[in-house]
Structures are given as C-alpha cells and as structure tokens.
Asker: 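Below are the structure tokens for one structure; questions will follow.
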Amino acid sequence: MDICQFCSKKSPAVTKLDPDELKILGDSCVEVAFSKGDIIFKQNALSSNVIFIKEGLVKIHVAGPEKEQILKVSKGPTYLGIPTTFGDKINHYSATALVPTSVCFIDINVFKEFIKINSDFAYEVIVDLCKDELNQFERCVNLVQKQIHGRLCGTLLYFSEDIFQSDFIEMPLNRNELADLICTSRETVSRLLSELNKEQIIQISGKRIKLLDMDKLKQISLKG
DNA sequence: GCATTAACCACAG
DNA sequence: CTGTGGTTAATGC
C-alpha cells in the first residue's frame, strides 16, 4: 500500500523519508476513524504504537490524584503518543477524540528503525518534541501564576488562534472539561464566561463563542 | 477588620 | 449539562 506516500498530511519527519521507507511505513501503519467522544488510547494500558493524528481534535488527559486533568488539546496533523510510547511501557495519559478524528497507528519498531537509519527523520521528531515541551512549560507557568480570568481568556485565545484560526469558536469542550483544562471549577467557568458575555468581550450561545474584543481578551490574558 | 478570589453546595431549568 | 446564588476559607491590604 502507498497510503503514506501520497498522504497530504505528512508530518515534517515523514517528509524526510525516501520512497522505500514510505512504503515500509505504509505497510506498518493502520488508519482508524474515531467519533466524537471515542477513546483513542487509555492511561495505564500497554502501548506499542506511535499515534499520529491525521485530522481532527483530541484531548490528552490524566486521572490526577484529586481529579481529572486535561493536559492539552491538540489538532491534527500532529504526533501525539511519542512520549507515552517511548517513555514507558504503559501510557501515562489518555487521548479522547473531541470531534470526528482520523488517526494513524504506527508500529513502534518501525518508528524506532527510522530514527536509527534516517537522521533527518530523527531530527524532525526531536524538534517536534522540543516545541511541545516549550509549550507545556509556558502553560505550566501560566496555570500556576495567573488568576482564572487570565487563564480562561488565554484559553479562548488559544482556541481562536491555534485551533480554529478564527474569532469564532465552536467550543468542543463542555464547561467541566474547560475547568479541567485550566484547573478551576465548572461553576467558575460558567460565571466568568457569562461575565465576559455581559461585558461584550465575547458573545456566547451554548457551545458557540464569538470573540468580540480581542484587545481586551489579550490584555486580560496577559495580566492574569 | 475589610475586600477579594475562588471553591463547594444546592437547586432550577 | 449549565447558570446562579449563598456560603466560606484563604489571602492581602
């Protein structure tokens, strides 16, 4: 099969593979379609695949000591399970589809082999992991040092800029999940959203959120 | 003290 | 699943 060779959603790493390697990847790769709410992989389960989100939106989450914690929301195309696949035998987090999502499961041994024989591939994988770690560091500082107004507005901006590339958000998380993402309670999320709505900074109708006053949002996001 | 922040509980759509 | 109101604990002038 040549499913990988002609795929338009190649990761930067995979663009460094030659046709033979692409064929090997294609032969070992399985593409699966998930619906909204489906679990792609589960915390504490054995993992033997690198996961690549070809298209869609996914939340990465862990069952923390106190409650559920959403680590991040990521949009395809992107790798997703590299740390959890290479870092340990079992998954340290779960991944759940937030919208219809198409996922490639890549055999870990094939992936390992590419890292060994193709340094450009390996380099791109490292770049990917580094970028992600930088993002997580930033998120960590924001979570710890910003107040809730800042965290929520920052999250709205993230969805607007990085996920939807639009000032209109079709929020895929409910209020509870939003709270789990920014470490607060669902009541607080509700309250703050209606406050922002009242102040004409955003416009809410259920899951649809329109960002009206970008400058205000950025300001609140910054000063926390 | 007094104000602010945000969590928890309860209850109603 | 959401939005609100009341209560309360912690923290900062």
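Chain A is the first sequence line, chain B the second, and so forth, proteins listed ahead of strands; every chain is numbered from 1. All values derive from a computational prediction rather than experimental measurement.
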Asker: Between A:H61 and A:Q69, do the side chains contain an N or O donor and an N or O acceptor separated by less than 3.5 Å?
Answerer: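 No, because no side-chain N or O of A:H61 sits under 3.5 Å from a partner of the opposite role on A:Q69.
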Asker: Identify the 5'-most and 3'-most nucleotides of DNA chain C with at least one atom closer than 4.0 Å to a non-hydrogen atom of chain A.
Answerer: C:dC1 to C:dG6
Asker: Is it true that A:F111 and A:Y79 have ring centroids separated by less than 6.0 Å?
Answerer: yes
Asker: Give me the ring orientation class for A:F105 and A:F34: parallel if the planes are under 30° apart, tilted from 30 to 60°, perpendicular past 60°.
Answerer: tilted
Asker: What does the list of N/O pairs under 3.5 Å between the protein and nucleotides 3-5 of chain B look like, with a distance for each?
Answerer:
none

Asker: So, A:S94 side chain and A:Q43 main chain: donor-acceptor pair closer than 3.5 Å or not?
Answerer: yes
Asker: Are the charged groups of A:D180 and A:K67 less than 4.0 angstrom apart, N to O?
Answerer: yes
Asker: Does this structure show an ion pair linking A:D132 with A:K72, if we count only N-O contacts that are shorter than 4.0 Å?
Answerer: yes
Asker: Heavy-atom contacts under 4.0 Å between residues 166-179 of chain A and DNA chain C, which residues?
Answerer: A:N174, A:R175
Asker: Take A:R186 and A:C183, find for each the nucleotide of DNA chain B with the closest heavy atom, and name the residue whose nucleotide sits nearer the 5' end.
Answerer: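 By nearest-heavy-atom nucleotide position, the 5'-most residue is A:C183.
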Asker: Counting the benzene-type ring for Trp, do A:F168 and A:F159 have ring centres under 6.0 Å apart?
Answerer: no
Asker: Could you state the CG-P distance from A:L193 to B:dA6, rounded to the nearest angstrom?
Answerer: 14 Å
Asker: Would you classify A:S185 as touching base, sugar-phosphate or nothing, given that sugar-phosphate means primed atoms plus P, OP1 and OP2, and contacts are heavy atoms under 4.0 Å?
Answerer: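 If one applies the 4.0 Å heavy-atom cut-off, A:S185 turns out to touch the sugar-phosphate alone, with no base involved.
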Asker: Using the salt bridge (charged side-chain N to carboxylate O under 4.0 Å, His left out) rule, take A:E170 and A:K207 through it: C-alpha gap first, then chi angles, then the decisive distance, then the call.
Answerer: CA-CA 6 Å; A:E170 184 85 41; A:K207 291 195 163 307; over 6 Å; no
Asker: Would you say A:E55 has more than 12 foreign heavy atoms packed within less than 6.0 Å of its CD?
Answerer: no
Asker: Before accepting this row, confirm whether a basic side-chain N of the pair A:K59/A:E177 lies closer than 4.0 Å to the acidic partner's carboxylate O.
Answerer: yes
Asker: OP1 or OP2 of B:dA7 sitting under 4.0 Å from any side-chain N/O of A:T188?
Answerer: yes
Asker: Looking at B:dC8, does its base get a donor-acceptor pair with the side chain of A:E187 below 3.5 Å?
Answerer: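 Such a pair does not exist between side chain and base.
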Asker: Between atom CG of A:N49 and atom SG of A:C104, what is the distance when rounded to the nearest 0.5 Å?
Answerer: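 The distance works out to 11.0 Å.
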